[in-house]
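Notes follow once the structure below has been shown.
Labels below follow one simple rule: chain letters A, B, ... track the order of the sequence lines, proteins then strands, and each chain is numbered from 1. Everything numeric here is computed off the predicted structure, so don't read it as measured data.
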Amino acid sequence: MHVVVCVKQIPDPAEPGKLEGDNTLDRSGKLILDESDSYGVEMALQLVDKAGGGEVTLVSMAPNNETSGLRTALAMGAAKAILVSDDALSGAGALDTAKVLAAAIKRAEPDLVLAATESSDGYTGTVPEQIAAILGLSSITFAKEVAIDGQTVNVQRQTEAGYDEVTTSLPALVSVTAGVVEPRYPSFKGIMAAKSKPVEEVTVADLGLDASQVGTAGAGQEIVAVEDAPEREAGEIIEDDGEAFGKIVEFLDGLKVI
Amino acid sequence: MALNRIWVYAEATDGTVSPLTLELLAKARSLGDTVEAVYAGADADAVAGTLGAHGATKVLSTGDLGGSLPGVPVASAVAKAVNDGNGPDLFMAGTTYDARDIVARLSVALDKPVLTNNTDVEVDGDAVVVTTQVFGGTKLVKTKFTAGGTQIALFRPKSFVAEESGGGAAAVETLEVTEPGTAKITNRHVEEATGPKLDEAAVVVAGGRGLGEAEKFEMIETLAKLLKAAPGASRAIVDAGWVPYSYQVGQTGKVVKPTVYIAAGISGATQHMVGMKGSKNIIAINKDPEAPIFSIADLGIVGDVHKVLPKVIEALQAR
Ligand SMILES: Cc1cc2nc3c(=O)[nH]c(=O)nc-3n(C[C@H](O)[C@H](O)[C@H](O)COP(=O)(O)OP(=O)(O)OC[C@H]3O[C@@H](n4cnc5c(N)ncnc54)[C@H](O)[C@@H]3O)c2cc1C
Ligand SMILES: Nc1ncnc2c1ncn2[C@@H]1O[C@H](COP(=O)(O)O)[C@@H](O)[C@H]1O
């Protein structure tokens, strides 16, 4: 079985985010593998294992031919990667990103495409379903459990009240929630092997797409203002001296909730 | 300037329209001349009364989806209406599991961007401008749709206040599905929930990793019961398997705006704060005086949850 995993490479979420002059997110620093996507990579490796053969291909779109996040996922055990990097993609919206990723995924001809339900930095949560729509694939989002049985995909899909059992046939796209599996830590051997695994770097033109359709130009949206949100003032902060519980009870009393 | 026509994607459980749908209808009424609801389900007649009372003049119903996930069929129905020249200027939906799929599919079908995670929307001239919070809600980004036609936007829960319009029942019309979809729901599991719902409760008591171990979440449950509150959680302890995902508050969990939010052993990561900083009053208990949660707390207790919570519980039980 051949599985493609979409992996986003993002600025380290531990660092404070910054906006560029044109109000798009600053992605100029070093990028890392989005933790959300480590679940998809692990899931793919496990599914290929269970199927008794096949491989995992990574697909990523990132500026400046960034590969450090891809190397992390390759070190986990993915076989190869396709990286789309092109200056024309600066300012690309979710739909543009989906068009680019879909074109790259098509080259890999997978049985199954995995993505995360939402990225840590963009969190639009629409890219995977847009990819499925572009490729004409059946899709199941918010998977908290995935099992493949021959040509059938069975998923437990998160719902407001619990979960639904949902089924479809391959080829398909599934987006997985955080915590769906326990991502493995790359071994030293894995890290060494990842250095020589193939990463195919492609441009928008290589994918047969028109640059005017997928960057800021094609976005159909324009940021018109960035404002500071009204700040919430901090109130009274006290050190517990063993009696602070009284303050809480008093506070709740004042609000008439007890 | 008002928009001519707005469609709101309506969701309901067992014939009860979701609060989020009613919030969107209230906002839609302030922006558009005509507001109509799009509904996927066999019971459009059952929800037409409530939707009408909140300002929808029509319920455009796809009918029963035959077990399909709604993304494909509902997007196909809305896209067909738009392509036939009967679409809205703005398609609004809430940030829910199903609506995310629908707007994503619709954006591809119409080759139009979809803007998600919005907390506000306004009309500027004839352009639709939406507001999104970024960086944990510290900045507001306003984005304008620049391509004409039907705009597609998704809104976070509790962005608007629901309000009845006094309208009569909405007229039910059919919205034709052109693609039935191939992902099928074969079984539904509803997790037992007792007490008030997390996103509707007047009081929320939430616990985080500072509780130390799964068993200690009992303190949160006990306090919640005493306050007729809903228990909530940070993602750290959901991911650790201490409590189910349905307890999670934050960017990837529930948005809550209770009268009081009590955060016990929660650091106050930006992704947690976007889900609760709209609470009217916030009480935080954390042993680290530098914890970011204190920057938004009305009452902050620098202390050990294992010492403070049992005493609060004891005091309340004694009343
Ligand atoms: C894309 C993305 C989405 C996310 N979505 C969410 C979301 O929806 N909701 C969410 O909550 N998080 C979310 N997170 C995770 C978030 O970044 C934090 O990791 C998480 O909120 C931390 O949970 P916590 O506060 O329980 O744990 P920690 O950050 O570990 O904080 C524990 C706190 O407990 C305190 N403490 C320890 N012991 C005690 C004690 N005995 N008494 C009192 N205090 C004590 C510590 O001082 C510390 O402040 C998301 C992250 C990403 C990347
Ligand atoms: N630039 C990208 N490269 C690879 N995968 C991506 C990219 N953008 C989004 N994805 C995938 O789509 C998921 C949802 O992203 P988003 O819609 O931005 O929340 C991510 O978690 C990734 O799995």
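- For B/Thr116, the part lying under 4.5 angstrom from a heavy atom of chain A is the side chain only.
- Residue contact with chain B, scored on non-hydrogen atoms closer than 4.5 Å, involves the side chain of A/Phe251 exclusively.
- With respect to B/Arg188 and A/Asp164, a salt bridge is recorded, a charged nitrogen being found less than 4.0 Å from a carboxylate O.
- Using a 4.5 Å cut-off between heavy atoms, B/Val141 touches chain A through backbone and side chain atoms alike.
- Contact tally against chain B (heavy-atom pairs below 4.5 Å) for A/Ile237, A/Ile131, A/Thr177: the top residue is A/Ile237.
- The contact between A/Glu239 and chain B is made by backbone and side chain atoms together, counting heavy-atom distances below 4.5 Å.
- For a residue to count as touching a neighbouring chain, one of its non-hydrogen atoms must lie under 4.5 Å from one of that chain's; by this rule B/Lys228 does not touch chain A.
- Interface remark: of the candidates B/Ala202, B/Pro310, B/Ser295, B/Ser295 forms the most heavy-atom pairs closer than 4.5 Å to chain A.
- For the residue pair B/Phe294 and B/Ile301, the shortest heavy atom distance occurs at CZ-O, 3.5 Å.
- Ranked by heavy-atom pairs shorter than 4.5 Å toward chain A, the options B/Thr259, B/Asp239, B/Leu69 are led by B/Leu69.
- Salt-bridge check for B/Arg235 with A/Glu35: passed, with a basic side-chain N closer than 4.0 Å to an acidic carboxylate O.
- Options B/Thr270, B/Thr96, B/Asp98 differ in how many heavy-atom pairs under 4.5 Å they form with chain A, and the most are formed by B/Asp98.
- If you measure heavy-atom distances from A/Val249 to chain B, the contacts under 4.5 Å come from the side chain alone.
- A donor-acceptor contact shorter than 3.5 Å links the side chain of A/Ser175 to the backbone of A/Phe142.
- In this structure, B/Lys287 places its NZ atom where only 12 or fewer heavy-atom neighbours from other residues, nucleotides or ligands lie under 6.0 Å away.
- For chain B, the nearby parts of A/Glu160 are the backbone and the side chain; heavy atoms of each come within less than 4.5 Å.
- The 12-atom threshold is not exceeded at CD of A/Glu145, counting heavy atoms of other residues, nucleotides or ligands nearer than 6.0 Å.
- With respect to chain A, the highest number of heavy-atom pairs below 4.5 Å among B/Arg105, B/Lys144, B/Lys139 belongs to B/Arg105.
- With B/Asn118 contributing its side chain and B/Asp120 its backbone, the two residues share no donor-acceptor pair below 3.5 Å.
- B/Asp101 and A/Arg157 are joined by a salt bridge, as a carboxylate oxygen and a charged side-chain nitrogen come within less than 4.0 angstrom of each other.
- Between chain A and the residues B/Ile285, B/Thr138, B/Thr132, the most heavy-atom pairs under 4.5 angstrom are made by B/Thr138.
- For A/Leu95, the part sitting under 4.5 Å from any heavy atom of chain B is the side chain, from C-beta outward, and nothing else.
- Neither the backbone nor the side chain of B/Val130 comes within less than 4.5 Å of any heavy atom in chain A.
- Under the 3.5 Å distance criterion, the side-chain polar atoms of A/Thr168 are matched with a main-chain donor or acceptor of B/Thr182.
- With a 4.5 angstrom heavy-atom cutoff, B/Ile185 touches chain A via backbone and side-chain atoms both.
- Proximity to chain A is absent for every atom of B/Lys197, based on heavy atoms less than 4.5 angstrom apart.
- A distance of 4.0 Å separates CD1 in B/Ile282 from CD1 in B/Ile296, rounded to the nearest 0.5 Å.
- Note: A/Tyr163 and B/His189 have parallel aromatic rings, judged against thresholds of 30 and 60 degrees for the angle between ring planes.
- Heavy atoms closer than 4.5 Å to chain B are found in both the backbone and the side chain of A/Ala132.
- Heavy atoms of A/Ser139 lying under 4.5 Å from chain B belong to its backbone as well as its side chain.
- Within the 4.5 angstrom heavy-atom criterion, atoms from both the backbone and the side chain of B/Asn281 approach chain A.
- Only the side chain of A/Leu252 has a heavy atom closer than 4.5 Å to any heavy atom of chain B.
- Per-residue counts of heavy-atom pairs under 4.5 Å with chain A were compared for B/Asn117, B/Ile313, B/Val190; the largest is that of B/Asn117.
- The contact between B/Val308 and chain A is made by backbone and side chain atoms together, counting heavy-atom distances below 4.5 Å.
- Shown here for A/Thr117 and B/Arg100, the closest heavy-atom pair between the two residues is O-NH2, 3.5 Å.
- Ion pair A/Lys99/A/Asp210 not flagged as a salt bridge, since none of the NZ, NE, NH1 or NH2 atoms sits closer than 4.0 Å to an Asp/Glu carboxylate oxygen.
- Contacts of A/Glu231 with chain B are absent, with no heavy-atom separation under 4.5 Å from either backbone or side chain.
- For the atom pair CD (A/Glu118) and CG (A/Asp121), the distance works out to 11.0 Å, reported to the nearest 0.5 Å.
- A salt bridge links A/Arg184 and A/Glu42; the closest N-O separation between the charged side-chain nitrogens and carboxylate oxygens is under 4.0 Å.
- Chain B forms more heavy-atom pairs under 4.5 Å with one residue of A/Ile238, A/Thr126, A/Ile223, A/Asp228 than with any other, namely A/Ile238.
- For B/Gln271, no part lies near chain A; criterion is any non-hydrogen pair under 4.5 Å.
- Of the listed residues (A/Gly125, A/Gly162, A/Ala225), the one with the most heavy-atom contacts under 4.5 Å to chain B is A/Ala225.
- A salt bridge links B/Asp298 with A/Arg232; the closest basic N to acidic carboxylate O contact falls under 4.0 Å.
- A salt bridge is defined here as a Lys NZ or Arg NE, NH1 or NH2 lying under 4.0 Å from an Asp or Glu carboxylate O, and A/Glu236 with A/Lys247 meets this definition.
- For a residue to count as touching a neighbouring chain, one of its non-hydrogen atoms must lie under 4.5 Å from one of that chain's; by this rule A/Ala94 does not touch chain B.
- Note: A/Ser138 leads A/Ser138, A/Pro230, A/Ser120 in heavy-atom pairs under 4.5 Å with chain B.
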